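Notes to accompany the following structure.
Just the heavy atoms: all of them, side chains too, but no hydrogens, waters or symmetry mates, feed the values below. Bear in mind the structure is a predicted one, so any value in this text is a computation, not a measurement. Sequential numbering from 1 along the given sequence is applied to the chain's residues.
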Amino acid sequence: MGFYQLAKIFPLVVVLIHLSLADVCLGARRLTSLYQAPTMALSYHKGALLEGNLPVSILWYGEFSPAQKSIIADFLLSLNPQKENLGPSPVKPLVSHWWNTIQTYMKKAGKKDARIVLANQVTDRNCSLGKILKKSQISRLARRVHSKPGGLTIVLTAKDVSVEAFCLSNCGFHSSNAKEKSVFIWVGNSVTQCPGQCAWPFHQPIYGPQTAPLGAPNGDVGVDGMIINIASLLAGAVTNPFGNGYFLGSAGAELEVASACPGVYGKGAHPGYAGELLMDRTTGASYNAQGVNGRKYLLPALFDPLTSQCSTLV
């Protein structure tokens with residue numbers, strides 16, 4: 001099966017192939033060629049999807065503050081339908097509205113809705129495998145969490161942890177273990193290593209138009225950047241967990257539901273410009289979705305299977 005890269009920074013997409021007997025990396029956020037809008041729909045290749053109640057476990061590798069953990073946990077909890085404010089000023093759009101596009105893919109495949117269940121969380125504060133990791137070690141770390149059968153593990157590395165190819169070619173990836181039929185995601189905190197690549201648009205980009213960075217909705221450039229990557233990779237992992245779900249293109253050049261729309265967050269987006277977004281009047285931060293506990297997030301566009309277009313919340 002193929003290992004292909006998702007796009008991250010304002011927006012560039014390239015694909016690599018990585019073959020392994022045990023582990024298959026399916027997505028990673030990359031930047032090397034200018035984004036071209038897809039001209040056809042993502043096809044379903046009849047493989048398993050992560051449907052129904054999906055236990056999601058988290059491994060915090062390195063030092064994460066309680067506030068940082070809360071930002072990410074609240075995002076995952078926000079993916080499920082929330083009770084909306086039906087008053088004179090409805091609280092919209094919601095993170096769960098963004099996730100509804102994923103549910104559309106599930107329905108088209110005859111699968112159950114994917115409902116996120118936050119399971120166990122494990123902290124490896126002392127970085128037991130060191131602070132310089134190979135990609136193969138991410139799979140080893142994911143196995144430590146013991147996610148339930150059919151579940152998904154998210155491995156998150158702290159700002160002082162270096163992962164093979166991090167910043168040089170990707171900001172994160174999702175992968176699977178062929179033997180165990182397990183799925184995992186890795187995302188790193190890029191704030192001290194490459195925020196211009198992996199935390200854009202909350203940091204000035206390294207390449208391209210040098211527009212001013214946007215305010216991070218939770219006041220943490222590194223973690224708010226991680227949310228974008230987690231959201232993109234989670235969308236890909238659920239709809240294409242083993243390389244035979246939904247994707248566009250040929251082997252080695254696949255695009256998934258989020259990687260088909262890199263760098264797009266609001267209407268009118270183009271290279272170097274994230275699009276028209278909402279702004280918090282108090283902090284001046286930019287966002288396009290609201291979650292539980294009053295959280296605000298910036299989430300990437302998803303490729304809508306009903307319109308064959310990149311769909312944004314605002």
Side-chain angles (χ1 to χ4, degrees), residues 3-16 18 25-35 58-62 64 68 71-72 75 131-135 137-139 141-142 153-175 184-208 213-214 216-218 220-237 240 254-265 269 271-272 274 297-302:
F3 164 77
Y4 63 86
Q5 307 290 1
L6 301 181
K8 170 61 185 91
I9 171 181
F10 69 119
L12 311 168
V13 175
V14 136
V15 182
L16 295 177
H18 175 70
C25 294
L26 297 175
R29 297 185 65 83
R30 266 187 86 94
L31 354 130
T32 36
S33 59
L34 289 176
Y35 165 68
I58 304 175
L59 173 62
W60 307 95
Y61 191 81
F64 287 89
Q68 290 176 322
I71 292 169
I72 293 173
F75 165 68
K131 293 188 176 182
I132 301 177
L133 301 175
K134 295 184 178 297
K135 283 185 176 178
Q137 292 177 296
I138 299 298
S139 175
L141 289 172
T153 298
I154 302 177
V155 178
L156 302 175
T157 50
K159 62 184 180 181
D160 58 346
V161 176
S162 175
V163 177
E164 180 184 1
F166 186 33
C167 298
L168 297 177
S169 63
N170 66 69
C171 304
F173 62 83
H174 75 81
S175 182
F184 63 91
I185 290 170
W186 162 71
V187 173
N189 186 332
S190 66
V191 69
T192 60
Q193 300 182 58
C194 54
Q197 292 174 306
C198 297
W200 185 86
F202 304 127
H203 189 281
Q204 198 163 4
I206 293 178
Y207 310 107
L214 302 178
N218 293 286
D220 189 317
V221 170
V223 172
D224 278 309
M226 292 180 79
I227 291 292
I228 293 174
N229 293 312
I230 292 170
S232 298
L233 293 165
L234 183 60
N240 188 34
E254 305 96 330
L255 294 177
E256 294 178 333
V257 58
S259 62
C261 304
V264 179
Y265 301 93
Y297 298 103
L298 184 65
L299 303 179
L302 297 177

Checklist entry - Can you tell me if the gamma sulfurs of C194 and C171 fall under 2.5 Å? => result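 Between C171 and C194 there is no disulfide, given that their SG atoms are not under 2.5 Å apart.
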Atom [atom1] in [X], atom [atom2] in [Y]: separation rounded to 0.5 Å?
| X | Y | atom1 | atom2 | result |
| --- | --- | --- | --- | --- |
| I206 | C198 | CD1 | SG | 8.5 Å |
| S162 | K134 | OG | NZ | 10.5 Å |
| D220 | I71 | CG | CD1 | 5.0 Å |
| L168 | Q197 | CG | CD | 7.5 Å |
| L234 | I227 | CG | CD1 | 10.5 Å |
| L59 | T153 | CG | OG1 | 8.5 Å |

Checklist entry - Can you say whether the rings of F173 and F184 are parallel (under 30°), tilted (30 to 60°) or perpendicular (over 60°)? => result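 Ring orientation of F173 relative to F184: perpendicular.
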Any donor-acceptor pair under 3.5 Å linking the side chain of [X] with the backbone of [Y]?
| X | Y | result |
| --- | --- | --- |
| Y297 | F75 | yes |
| Q193 | K159 | yes |
| S259 | L255 | no |
| N218 | D224 | no |
| N189 | V191 | yes |
| Y61 | G188 | no |

Please report the shortest heavy-atom distance between [X] and [Y], naming the atom on each side.
| X | Y | result |
| --- | --- | --- |
| V257 | G236 | CG1-N, 4.1 Å |
| P262 | A260 | CD-C, 3.3 Å |
| G263 | A269 | O-CB, 4.1 Å |
| K135 | E164 | N-OE1, 3.0 Å |
| P300 | S232 | CG-OG, 3.2 Å |
| L299 | A231 | CD2-CB, 4.1 Å |

Checklist entry - Given the rule in the side chain to side chain contact (heavy atoms under 4.5 Å, CB included) test, do L298 and I228 qualify, once you have shown the distances and angles that lead to the verdict? => result CA-CA 7 Å; L298 184 65; I228 293 174; 4.1 Å; yes
Checklist entry - Among P213, P195, P217, which residue meets the side chain to side chain contact (heavy atoms under 4.5 Å, CB included) test with F202? => result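 Among the candidates, only P217 passes.
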Checklist entry - So do the side chains of T192 and D160 get within less than 4.5 Å of each other, counting heavy atoms only? => result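 T192 does not reach D160 side chain to side chain.
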Checklist entry - Is the shortest heavy-atom distance from the side chain of I230 to the side chain of I185 under 4.5 Å? => result no
Next on the checklist: Set out, in order, the CA-CA distance, both residues' side-chain angles and the distance that settles side chain to side chain contact (heavy atoms under 4.5 Å, CB included) for Q68 and M226, then state yes or no.
Outcome noted: CA-CA 10 Å; Q68 290 176 322; M226 292 180 79; over 6 Å; no
Item to check | Qualifying residues under side chain to side chain donor-acceptor pair (under 3.5 Å), relative to T157, sequence neighbours excluded | outcome: W186
